[in-house]
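Have a look at the structure below before the remarks.
Residue numbering restarts at 1 for every chain, and letters A, B, ... go by the order of the sequence lines.
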Amino acid sequence: MKIPPCLRRLLALCLLACLPLTAQAQEDDGQSLLASLDAASYAQMGGAIEAIVDSGDPRSRDWLEALLGGKLQRHKESGRFVVVLENRGRNWPVVDALTGEDLGEMSRRELDRIGINNSLRGQLQSVLAVLDLRVDDVGARREAARDLLGQVDEAMVAPLQDLLEAEGDAEVARLLAQGLAIHRLEQGQVAAVDVLAGSLNGEVRSALSSAARSDDPALAEAAEAALAGIDQKLRLNRGLETLYFGLSLGSVLVLAAIGLAITFGVMGVINMAHGELMMLGAYTTWAMQQLLPGQPGLALLLAIPAGFLVAALAGIAIERGVIQFLKGRPLETLLATFGVSLILQQLVRTVISPLNRTVVTPEWMSGSLMINEGLSLTLNRLYVLGFAMLVFAGLMLVMRRTRLGLEVRAVTQNRAMARAMGIRATRVDIMTFALGSGVAGLAGVALSQLTNVGPNLGQNYIIDSFMVVVFGGVGNLWGTLVAGLSLGVINQVLEPWAGAVLAKILVLVFIILFIQKRPRGLFPQKGRAAEG
Amino acid sequence: MSFLNSLADRDRVFDFLVPAASPVDVRHGPILYLEGVSVSFDGFKAINDLNLTIDDGELRCIIGPNGAGKTTMMDIITGKTRPDCGSVWFGSRHNLLAKSEPEIASLGIGRKFQKPTVFEALTVFENLELAMAADKRILPTLTARLTGEIRDRIEEVLATIGLTELRHRPAGILSHGQKQWLEIGMLLMQRPRLLLVDEPVAGMTEQEMERTAELLTGLAGKGKQSVVVVEHDMGFVRSIARTVTVLHQGSVLAEGSMDRVSRDPKVVEVYLGADPDEEAA
Amino acid sequence: MWLTRPFRERATQLFLGVLLAALAAVTLLNLALPAEHPLHVSTYTVTLLGKYLSYALLAVAVDLVWGYLGILSLGHGAFFALGGYAMGMYLMRQIGDRGVYGDPLLPDFMVFLDWDALPWYWLGFDMPWFAFLMVLLAPGLLALVFGFLAFRSRVTGVYLSIITQALTFALMLAFFRNEMGFGGNNGLTDFKELLGFDLRSDATRLGLFLATGVALAVGYVLCRAIVVSKLGRVCVATRDAEARTRFLGYRVERFQLFVFVVSAMLAGVAGALYVPQVGIINPSEFSPIFSIEIVLWVALGGRATLYGAVIGAILVNYAKTVFTGVMPDAWLFALGGMFVLVTVLLPRGIAGLLAYRLRRRAPSSPESPAPREVSA
Amino acid sequence: MLTVASLNQYYGESHTLWDLDLEVPTGQCTCVMGRNGVGKTTLMKAIMGEVAVASGSILYDDEVELTRRRVEERSRLGIGYVPQGRQIFPLLTVEENLRTGLAARQDGLTRIPSRVYELFPVLEEMKHRRGGDLSGGQQQQLAIGRALVLEPRLLILDEPGEGIQPNIVAQIGEVIRRLIREDGLSVLLVEQKLPFARKYADRFVIMDRGRPRARGEIGELSDALIREHLTV
Amino acid sequence: QEDPIKVGILHSLSGTMAISETVLKDTVEMLIEQQNANGGLLGRQLEAVVVDPASDWPLFAEKARELLAQEEVDVIFGNWTSVSRKSVLPVVEELNGLLFYPVQYEGEESSENVFYTGAAPNQQAIPAVNYLMNEVGVERWVLAGTDYVYPRTTNKILEAYLKGHGVGDADIMINYTPFGHSDWQNIVSEIKAFGSEGKKTAVVSTINGDANVPFYRELGNQGIDAADIPVVAFSVGEQELTGIDTAPLVGHLAAWNYFMSVDTDTNYDFIDAWIEYTGDDMAVTNDPMEAHYIGFNMWAEAVRKAGTTEVDEVKDAIIGVSVPNLTGGYAAMMPNHHITKPVLIGEIQDNGQFSIVWETPSTVAGDAWSDYLEGSKDLISDWRAPLSCGNYNVVKGSCGGGEAQ
Ligand SMILES: Nc1ncnc2c1ncn2[C@@H]1O[C@H](COP(=O)(O)OP(=O)(O)OP(=O)(O)O)[C@@H](O)[C@H]1O
Ligand SMILES: Nc1ncnc2c1ncn2[C@@H]1O[C@H](COP(=O)(O)OP(=O)(O)OP(=O)(O)O)[C@@H](O)[C@H]1O
Ligand SMILES: NC(N)=O
Ligand SMILES: [Mg+2]
Ligand SMILES: [Mg+2]
């Protein structure tokens, strides 16, 4: 984005003046500085911000940050400037902007917010970022240097050059060099293209794209060539990225389906309330975050066992309350659990709210992991992918290595005989259903990081879950894993050229055709045994 | 006994039951002909280069250890399992490997399964009705009527298999032995040219075995029906057998009369055990 | 005549008697009594009942394949919707230039999405005979092609259920797309007249209700005739032991296909009767959840009885109507609770309860054992 | 070992077992015989708890009233059951099928007793094949092996020789005899085949239409009795 | 004691739309309660008749019929989605009811029996695009929407409008997704690539309902912030934001005719009443609620004016009625059954509120028939006598559809 001249001066100033601000200031100066912020137009506000920076007032940084957060406000009656500490609800705790004096709570009716818009916000962020170019932390410097790409102008060239020479970190240096090169490119210097060629950064690409449209044929041609090289690399990245998207979508499908692979695939219960069990897991995450305000990460971690437990308990209630009466009538479980799902949905609507709940993403799960400048993997999805694999492995272990695994299969294949062999079928039922439900709860915990936490959460996944389990071959956990991941990848590969809707249709058609070829799913039960 | 024989001959009385101009051509040889058939499951050779010929009207017993491949052989003949190689002919005209199960069945091959399989939700009567030789296409089935003659025929078979009293009860409640009989009854209704009977007398008393033996020997005969019986009860086999084939590890180990076969040391070793006579007594 | 066989059954006589009496009674109470009379059946109610009856026909179609053939179709909504769309397209064409844009040829949604010509698949729908034929053919053909593929490959059990679900899901997404030319999410609506009768008039509504009742009766008798025929027994045999049926010489896949197509066409007819009565057809009828709901009606009413399907469809939908009006905030509890309780307390559905009461005197006729279920 | 007294059982409204009495002495093999459909299997199921009984008692070991025990507990008391029709778990491997027998053992053993494999070598060979893929006779062997895994004190066998090749049938008989002699096992056997019954059983009971009609030492099983009760 | 005046409420309380519609039901109930506390209307009490059409479009028609034919309500407040309105439309016309529809919609409709208190495209979409074009300098446009008629039509109008302002084909990307779409990875990545062509890019989002949360999450995680590629949404309001962690979204935009953060006393009174009514200190208000507030007051005013609740008289009386809105001005009912509204652009704050960054100098009257679509640019709607037509073709000089007599 382009920065208006008034702010450019400011940026240069920041670079030269070696802020943070040091100076003497007076109470009434502050008042008038802030008063000028409360201006009619955003352009005038730019000037006011400049004045604040110029003033060197030690409180300026606090003011600017409050302004950035929309928390710098004016008491309507007294005209006093205050900083709002918490702006949710009707009455807000505030402190005096000038003195820091605690003013207790004020009604939002009494306050006037000093608003900013996007461009001012960008400018403020730049101001704050430029300051960071001088800090010791390399990460912060890289961040700042990356932010400066495309922002450099004539006034900043000299100081940046100095910084570049003094810079010890190669990455920061490279970024600064590119930042300068973009500026030179804008000036029409063909040589700058060389510095930029091969960079996958979006700003660089933007600059080259603009240059390629320039009137200077030499420049345009060079930029064009550099762009072609970049696009080449981007295509590769794009392929990898699509694969990642696919695996990530697939892992969500696997997570949603894996619990069903137990309750439906192994036990034969057509559990239409599976989605609602996921919903319970998601709401547990929300509840945990409500219980531990300010610690979303810890709450999320605690939500893993809690979500499992809540869903498992609900599962036990469903098993005891309904499913145990339907032994030998698996299809009727469809009817009853559908009823249960309606009840659970409405229960959430009535008891909690028909609206979605906010589940906060902890810091360490936000943003993305940068592989290179053209390829970043979003962290929340990366965690979910890993989590799905862990859950899968754990479940595999339980089903393969414990008595429960053997006993549940024996019970579902021949209940009477299993009991005659001394297997406590009822207990096995309860534990298995609890396990499947608990896993659904885990899926819910994970989904709370990706999508809505609301009463409809379950409905959105139930159809897909059944599809995945059946596609993989009922009763085969590996099948569920492979089916989920491959459907995810197929979907994401198709999406760019077919569009989201058509891609989904094509995936469904693919499933229909695939089942013609393999009428018992990806990993079918073969042979006499399967015919029973 | 004559009653059972007469039952088998009844097609003269109920001529609507005569299979319409038998499509099987047996003028030039056997009714069933297997050559070089092999099949394996996940690398395990269940049938290994099997050769077998059944003549028209013959009653053949097939014995052999558990897992020798007897049932698998029947699966191949009836189209349930496709062999890896080899050829299977019904008469000299029909290559069974190119046909589906219903086609094979309508050519006139009927089968009783080792584990009795009947339609559990249908009554005993209806089970027999469905098995009956008839036009089995959709519209004729839709419009089919249960005439008095058909009814009589079914009643007769019901009497033969001893299920008259249970005729309107669902087959699902029958005891194991009763299901065995019902399957035999279905086979009788089907009037196939070739009957494949897998362990018919398992779970039957000695006397029921005798009845079954009479029934089967009565059915077999040139121009009538050919019968292939798989059984482990040597007493039963001895009482009906003309030619016995011994299968072992998927191929023929010995073939011949019961006496000859039961003296074959290899057969004694893998199958009959040290004291076959006592078993058969 | 095989079609007349059901008339000899007590159950069918009873069913038809009740149905016809109900039709007559509603007609009488609607026409003969003044609106203020407490027993007067308002046109609103008549239309509502008409909707229930079309759902009942749909449920009968599902019960035919599920109860007797063992195919748990989770996609019958697709056939219903196709029949509905065929009817809807006819009704759209009947609007003529009375649409908001006054275009004589193009339906309104095409005008504002800038279509300049009627797509080819809309041609012919201005002729009632063609449209009514398509009511049968569109679902019938889809069922034929889909069923042919599936049954030929011997797709059974849950696998079949899931691909029927995939089918209806895919169709739903496709019909959502405005490019498809079926009005996208909004579907087809704002109908004016059917065969020249004004759809808003009370007489037309009553007529539609009666037509639906008759269609239900005919559909019921047809299904019953199939069920009591030998073909019906082949179906049950297929349901319980498909492989064994083949060994008896029945080409199972053809029987399955035949019944599946008949059922799809019945569903199509139900859809066609449904549309003019509710006044809209849109892709939500394709939604998998709707198809599951149909199965729920059948299960609740009692599977493999046909009349159970009718009872289930009417009861559930009546409950829905009442509950959504009387307890708008809590009706899902009531409906969900009803599903749970009926399943747990009445193993054979409501029909099972009736059958039990009717049969108590005749101990010799057994309950057939619970049909084998799709399961792992 | 097992004393059944005035047992009545119904399937819905049909009365299948009528005031049935039966004694299985410890350390002996008692053979139940009777035509098809007289209720032999039903009796075994009643003992195992697979069908509910209307009245009567089933006393195990002179002190435990089985009708008051839950199904799962019965095998834990040391009753091994080989049902008619094999009833193996088709999708479990042979080894897993056998391992289900470990559930009822009180000693917490986690490996299959080697005796089972010695007796039925084919089971070891086919350890990793799924139960349902086995041939009929192999499945029957598996069913017997599975019951032996729990090293029962009372073994209930419902037509165990069905579908098994002759030499193995004989072997099974020998094993039963050995177990009776060496371990004091008691056996309740349903068998139609007279030679086998005569050879390995100590006592017989003939049933007809849900009632015991004759009983005694196996030596007393005369042709006249057979004609009377076992012929159609 | 006279019979109460019956007010039908036709909003989904279950199913997918319950998320949005439940609060509208509560709003009308609150308004009724307030009205009753102030002595009712024409000396009669008001009574709410609530039904649940359960997000099931045909059920909307059935329930509308139930309200009008069985319950004989005098007016209905209801619907959210366009399809539900289309489903109900023939019913209210046939039974001559009154429907107040409170949600922004695609236009292209004007029924004698429906009053559109939400925004038409010219009251939301066009001004928002103008803002981006003129104030933010956007040159490249992503029009992303849920695949149904409102986004389709809106985007069609916007596309025509943008092209009319010299934007080339290559600078417009259009993308549709299914309802409830939850996997936005690819699309966001495409938007990112589309935005790195050296021209200022913005996303105009007509993404509806549940799909928004995963969409914004993905935006945040892929590092698209408002300063790079701002998203202006037409269907995301305070209610939707309560379900989103707004921290990464600060600065993205929405265009509405009302924001909860509007700084007027009527608004604060309304908010206070709402919080009181719900008993939830954190309860938020949003644009469709304001629409109901306006619609309800207009209807009440018209009833007072007509002295009866008779539909035909209220219908005539209401045109020209003007009541205060919550943003400090007045809303007037136009002859085309649409109302006048100010257009506001707000930026998302980290507390889930919008800060208003721009607004139209005066109110804009809703246009039933878009001027940018071929089929409708010649149509106007005027329900006053003598024209009394919802789709009058000014070129042909005739009333288009069969609707008008
Ligand atoms: N689908 C399969 N997968 C693996 N092995 C199989 C399969 N079908 C058959 N077998 C094996 O093939 C062999 C032959 O089986 P088959 O049932 O034909 O034996 P059989 O001669 O009928 O034995 P029995 O006398 O016990 O009935 C057996 O060892 C069996 O385990
Ligand atoms: N589930 C059931 N419902 C009703 N009747 C049943 C049921 N199971 C068995 N029967 C009937 O009970 C009777 C006894 O059956 P059971 O299986 O005990 O016979 P069995 O003596 O073991 O015969 P077999 O020698 O054929 O195995 C039979 O007539 C059978 O039809
Ligand atoms: N009208 C709408 N937003 O559907
Ligand atoms: Mg065999
Ligand atoms: Mg038995």
Side-chain angles (χ1 to χ4, degrees), chain B residues 41-42 44 46 63-72 113-116 161-163 165-166 169 173-181 198-199 201-211 230-237 248 262 267-276 278-281, chain D residues 11-12 14 16 33-42 83-87 120 122 125-126 128-130 132-142 158-159 161-171 173-174 190-199 206 223 226-227 229-232:
Chain B
F41 303 105
D42 308 320
F44 174 83
I63 60 174
N66 294 132
K70 304 179 294 293
T71 302
T72 307
F113 288 80
Q114 179 166 7
K115 179 180 172 221
I161 60 176
L163 292 175
E165 277 171 41
L166 295 173
R169 311 221 57 198
I173 67 150
L174 296 184
S175 80
H176 186 73
Q178 290 166 333
K179 282 182 187 161
Q180 291 269 50
W181 274 110
D198 204 350
E199 303 203 13
V201 299
M204 287 186 181
T205 60
E206 303 281 315
Q207 287 66 32
E208 288 170 329
M209 262 162 58
E210 277 170 32
R211 289 204 318 145
V230 168
E231 192 42 78
H232 287 298
D233 190 306
M234 284 307 110
F236 177 77
V237 172
H248 182 50
S262 55
V267 178
V268 172
E269 190 205 323
V270 302
Y271 185 64
L272 292 175
D275 201 358
E278 198 185 328
E279 282 303 318
Chain D
Y11 283 117
S14 73
T16 316
M33 313 179 82
R35 285 192 295 267
N36 292 143
V38 297
K40 305 180 294 293
T41 299
T42 306
Q84 189 168 24
R86 331 192 214 292
Q87 309 284 334
F120 303 115
V122 67
E125 247 170 70
M126 307 203 158
H128 299 299
R129 202 171 295 185
R130 277 177 310 187
D133 285 343
L134 298 188
S135 81
Q138 291 164 343
Q139 288 184 2
Q140 186 69 33
Q141 295 175 32
L142 175 57
D158 199 345
E159 311 205 13
E162 189 176 294
I164 300 189
Q165 64 189 75
N167 55 352
I168 295 192
V169 173
Q171 213 180 317
E174 292 305 323
V190 177
E191 184 55 72
Q192 306 279 38
K193 304 287 188 276
L194 283 171
F196 188 86
R198 285 209 159 105
K199 190 162 175 191
I206 295 181
D223 287 351
I226 291 169
R227 229 181 343 274
H229 296 295
L230 298 182
T231 316
V232 184

### Task
Could you tell me which of B/V270, B/V230, B/L166, B/D198 has the largest number of non-hydrogen atom pairs under 4.5 Å with chain D?
B/V270
### Query
Using a cut-off of under 4.5 Å for heavy-atom pairs, which of B/P65, B/A68, B/A46 has the most such pairs with chain D?
B/P65
Nearest atoms (heavy-atom pairs only) where [X] meets [Y]:
X      : Y      : result
B/Q207 : D/I226 : NE2-CG2, 3.8 Å
B/T205 : D/Q192 : CG2-OE1, 3.3 Å
D/S135 : B/G67  : OG-N, 3.1 Å
D/P166 : B/M234 : CG-CG, 4.0 Å
B/Q114 : D/G136 : NE2-CA, 3.4 Å
B/V201 : D/K193 : O-NZ, 3.3 Å

### Task
To the nearest 0.5 angstrom, please state how far the NZ atom of B/K70 sits from the CD atom of D/Q165.
7.5 Å
### Query
Going from CG on B/D42 to CZ on D/R130, what distance comes out if it is rounded to the nearest 0.5 angstrom?
8.0 Å
### Query
Just wondering, do B/W181 and D/N36 contact through their side chains at under 4.5 Å, heavy atoms?
yes
### B/F44 side chain near D/R129 side chain, heavy-atom distance below 4.5 Å
yes
## Note on the structure
Hits for side-chain contact (heavy atoms from CB on, under 4.5 Å) against B/H176, two or more places apart or cross-chain, chain-then-number order -> B/P116, B/Q180, D/Q84, D/E162
Which answer fits [X], side chain, backbone, both or neither, if we ask what part of it has an atom under 4.5 Å from a heavy atom of chain B?
X      : result
D/Q171 : neither
D/S14  : side chain
D/M33  : neither

### B/F236: partners by ring pair (Phe, Tyr, Trp, His ring centres under 6.0 Å), with sequence neighbours left out
none
### Query
Just by distance, do the side chain of B/N66 and the backbone of D/G163 share a donor-acceptor pair under 3.5 Å?
yes
### Message
Looking at chain B, which one of D/Q141, D/Q138, D/E159, D/R86 has the largest number of heavy-atom pairs inside 4.5 Å, strictly under?
### Response
D/Q138
### Task
Quick one: which of D/L194, D/I168, D/I164 has the most heavy-atom pairs under 4.5 Å with chain B, could you say?
D/I164
### Query
Taking everything shown except B/E269 itself, do over 12 heavy atoms lie less than 6.0 Å from its CD?
no
### Query
Where does B/Q178 contact chain D at under 4.5 Å (heavy atoms): side chain, backbone, both or neither?
both
